Amino acid sequence: MTADTTQPHIGQSAATTHEGILAWVDEVAELTQPDRVHWCTGSDEEWTELTDALVASGTFTRLNADKKPNSFHAASDPTDVARVEDRTFICSVDEKDCGPTNNWMDPQEMKAIMTDLYRGCMRGRTMYVVPFVMGHLEADSPMFGVEITDSAYVVASMRVMARMGSNVLRRMEEVGATFVPALHSVGMPLVDGRADVSWPCNDTKYIVQFPEERMIWSFGSGYGGNALLGKKCYALRIASVMARDEGWLAEHMLILKLTSPEGVRKYIAAAFPSACGKTNLAMLAPTIPGWKVETLGDDIAWMRIGDDGRLYAVNPEFGFFGVAPGTNELTNPNAMRTIDIGNSVFTNVALTDDGDVWWEGLENTPAHATSWKGEDWTPDSDELSSHPNSRYCTPIKQCPILAPEYDDPRGVPIDAILFGGRRKTTVPLVTEARDWTHGTFMGATLSSETTAAAVGQVGVVRRDPMAMLPFIGYNAGDYFNHWITVGKDNDAAKLPKIFYVNWFRRDEDGGFLWPGFGENSRVLKWVVERMEGQAEAVETPIGYVPTPGSLDTDGLDMTEEELAQALAVDVEEWKAEIPQITEWFEKFGENLPAVLWTELDGLKARLGA
Ligand code: GTP
Ligand code: MN
Ligand code: MN
């Protein structure tokens, strides 16, 4: 798919009085040699010029305004569709600080390699400077960043996903703010008469975090998680290091507000691995009467202990970057309402003949569409119309059930934390931890089958601690210790209660035992009732699970036998987990907190293993 070489050429460069930013921008321009430098304002005019230029260059297709106003379709290069974990590095000065779960390279060595790659890499292109803040501009200490990128697609997506532009830059100037420098290039200079393509990228990819310097370098990919550097790279990998040093938590968690029919209000955060249901749960439409869910965030939570000793969470993002396939009126009606409003970017879904988007699982299957690969697609096609990791990128403010507290820079006090993963067997629908340390053990041993959200084999069970395996910016053993310390240093009674859920257990025929989606409100109800001292539970070797009668199953199409299977704690299955957990813990050597070994010993004893 070649396109003409029209480059977005936008406005006049608006320089800054912030000397640090200016010096860095000059240095990067000197190295990367762009044709133009554009300082992003975040204005509507800029959006229009950018998106027009992206349409002209063939990266974007404008959608039918009657269906999705001010919205665009993009198709990536077929090799650039997901996060690349094997190309992601934590370049700490000391290899020990990277730990056994991350890739490491000496920072000087990495800088030498990447500096060579960056040299002249923006020739023929525009270099965009995107000032942004993760979280609120009015936060006590706003978390600033500046992304330099040669991708207009990234700029358009950043405008949806983060608070960015002139007002952020002005504030940075006023306070002389420190910021996380985040450098991104697709790695395809337009030299020697080379024509541009609709999705420039490079076979050589590096996604690199320098934790001590709080700096990000990304090369070769245009895909969201690799290229929108405020998200996974800053708000999780770099922020987790800041959080360790400063005593807070940066987590891969949704945030929701739940109100019972009696008006009891709880805030819940939940960590599930990529493509395991955070966005769905965050916008849940409860099936049980009188219960109400409001959304605060669907992917990342920054949590700090407040003056009252409770754990307060904010969502540092400004948009949703949600998995498209499977999203529909039944599974996530609130996401459908959010994207209906428009102002969205859809990547790697199918384009219908009437200028709308479609993906597997959506209603109204079209008789014909253009697949994400640009090929003719019909319902009889052997190939999928949309990549399994295709995404919608849409403003959070459009969510019809956005909680007003979203705008509060202080965040909301979290009552419960849910961990969860995708397991066909073994893990029951819901388990309550005995205490914070046990909850940390549950999080540290969280396991899930791999999904299409990262490049690699799908469906393999791996440990994904706190759903943070690809996102912990330091030694995961130290990260577990940080969690334990948060529990020790604070009043246990005020900390959130911890639960572990699994929506994905299967029956003998391979079908899901639990209907999931809106029905997950029944599990949330049990969680609330446990916290209120109302619902019953049985103590099992792995924690407290609901008695069959304590879970609200009114109107649920499920037999008693099926429910029992969903809730079952099978001692033999759990015994089989022990060697895997042992092997997992052994990876961390001295860095693993001793109390987690004690937790494992306790579990073994209770199982008779
Ligand atoms: P990232 O955005 O990559 O971090 O992932 P996420 O955790 O937000 O995942 P998302 O909510 O987009 O869920 C992705 C997949 O999980 C989709 O295929 C959904 O259909 C499926 N899913 C979500 N909730 C449920 C559920 O309760 N039951 C079942 N069976 N599938 C679910
Ligand atoms: Mn995620
Ligand atoms: Mn999501």
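As the structure lists them, so they are numbered: ligands from 1, and atoms in each ligand from 1. Predicted model only: the values in this text are computed from it and were never measured.
Residue, atom and distance of the protein heavy atom nearest to atom 2 (O) of ligand 1 are Arg391 NH1, 3.0 Å. Nearest to atom 16 (O) of ligand 1 among the protein's heavy atoms is Arg422 NH2, 3.2 Å. Scanning all protein heavy atoms for the shortest distance to atom 19 (C) of ligand 1 gives Asn280 ND2, 3.8 Å. For atom 18 (O) of ligand 1, the closest non-hydrogen atom of the protein is Pro325 O, 4.0 Å. Counting protein heavy atoms only, atom 5 (O) of ligand 1 is closest to Ala275 N, 2.6 Å. Atom 29 (C) of ligand 1 has as its closest protein heavy atom Phe504 CE2, 3.6 Å.
Using a cut-off of 2.8 Å, one finds that Lys232 contributes an N/O/S atom close to the Mn ion (ligand 2).
Of the options Asn315, Val314, Asp298, a side-chain contact (heavy atoms from CB on, under 4.5 Å) to Ile255 is made by Asn315 and by none of the others. Applying side chain to side chain donor-acceptor pair (under 3.5 Å) to Trp199 and the options Asp77, Asp80, Thr347 leaves one that passes, Asp80.
Using a 4.0 Å cut-off between charged side-chain N and carboxylate O, Asp407 and Lys397 make a salt bridge. Contact check on Glu577 versus Arg423 returns a salt bridge, with a Lys/Arg side-chain nitrogen under 4.0 Å from an Asp/Glu carboxylate oxygen. With respect to the salt-bridge test (charged N to carboxylate O, under 4.0 angstrom), the residues Lys232 and Asp299 qualify.
Identified under the salt bridge (Lys or Arg N to Asp or Glu O under 4.0 Å) test for residues 384-396, with sequence neighbours left out: none.
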Walk me through whether Trp217 and Phe210 qualify under ring pair (Phe, Tyr, Trp, His ring centres under 6.0 Å). CA-CA 8 Å; Trp217 283 10; Phe210 298 96; 5.4 Å; yes
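In this structure, Thr338 and Pro400 approach most closely via the heavy-atom pair OG1-CD, 3.5 Å. Contact detail for Pro211 and Ile90: the closest heavy-atom pair is CG-CG2, 3.9 Å.
Atoms of ligand 1 found under 4.0 Å from any heavy atom of Trp503 (numbered from 1 in listed order, with element): 26 (C), 27 (O), 28 (N). Close approach of ligand 1 to Phe512 (heavy-atom distance below 4.0 Å) involves ligand atoms 30 (N). Interface atoms of ligand 1 facing Lys278, defined by a heavy-atom separation under 4.0 Å, are 1 (P), 4 (O), 5 (O), 6 (P), 7 (O), 8 (O), 9 (O), 11 (O). The contact set between ligand 1 and Gly516, taken as ligand atoms under 4.0 Å from a residue heavy atom, comprises 26 (C), 27 (O), 28 (N). For ligand 1, the atoms closer than 4.0 angstrom to any heavy atom of His252 are 4 (O).
Ring-plane geometry between Phe419 and Trp483 is classed as tilted, the angle between the planes lying from 30 to 60 degrees on a 0 to 90 degree scale.
Remark: distances from the non-hydrogen atoms of Cys276 to ligand 1 include one below 4.0 Å. The shortest heavy-atom distance from Thr331 to ligand 1 is not under 4.0 Å.
Residue-to-ligand polar distances keep Lys232 apart from ligand 1: every N/O pair is separated by 3.5 Å or more. At under 3.5 Å, a nitrogen or oxygen of Gly277, whether backbone or side chain, sits near a nitrogen or oxygen of ligand 1. On a distance-only criterion, Phe517 and ligand 1 share at least one N/O pair closer than 3.5 Å.
When heavy-atom distances to ligand 1 are checked against a 4.0 Å cut-off, Asp299 comes that close only through its side chain, counted from C-beta outward. At a 4.0 Å heavy-atom cut-off, ligand 1 touches Pro273 through the backbone alone.
Once rounded to the nearest 0.5 Å, the distance linking CE of Met336 with OG1 of Thr331 reads 8.0 Å. Rounding to the nearest 0.5 angstrom, the gap separating the OH atom in Tyr474 from the SG atom in Cys98 is 13.0 Å. A distance of 8.0 Å separates OG1 in Thr279 from CG in Leu254, rounded to the nearest 0.5 Å.
For the pair Asp415 (side chain) and Ile268 (backbone), a donor-acceptor distance under 3.5 Å is absent.
When the ring pair (Phe, Tyr, Trp, His ring centres under 6.0 Å) test is applied to Phe480, the partners found at least two apart in sequence or on another chain are Phe588.
Distances from the Mn ion (ligand 3) under 2.8 Å pick out these protein N/O/S atoms: Thr279 OG1.
Proximity annotation for atom 8 (O) of ligand 1: of Thr279, Asn389, Asn520, Ile300, Thr279 comes nearest, heavy atoms only.
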Hey, can you pull the donor-acceptor pairs under 3.5 Å for the side chains in residues 155-164, sequence neighbours left out?
unit_1, atom_1, unit_2, atom_2, d
Ser157, OG, Tyr153, O, 2.8
Arg159, NE, Gly42, O, 3.0
Arg159, NH2, Gly42, O, 3.1
Arg159, NH2, Asp44, OD1, 2.8
Arg163, NH1, Gly135, O, 3.1
Arg163, NH2, Tyr406, OH, 3.2

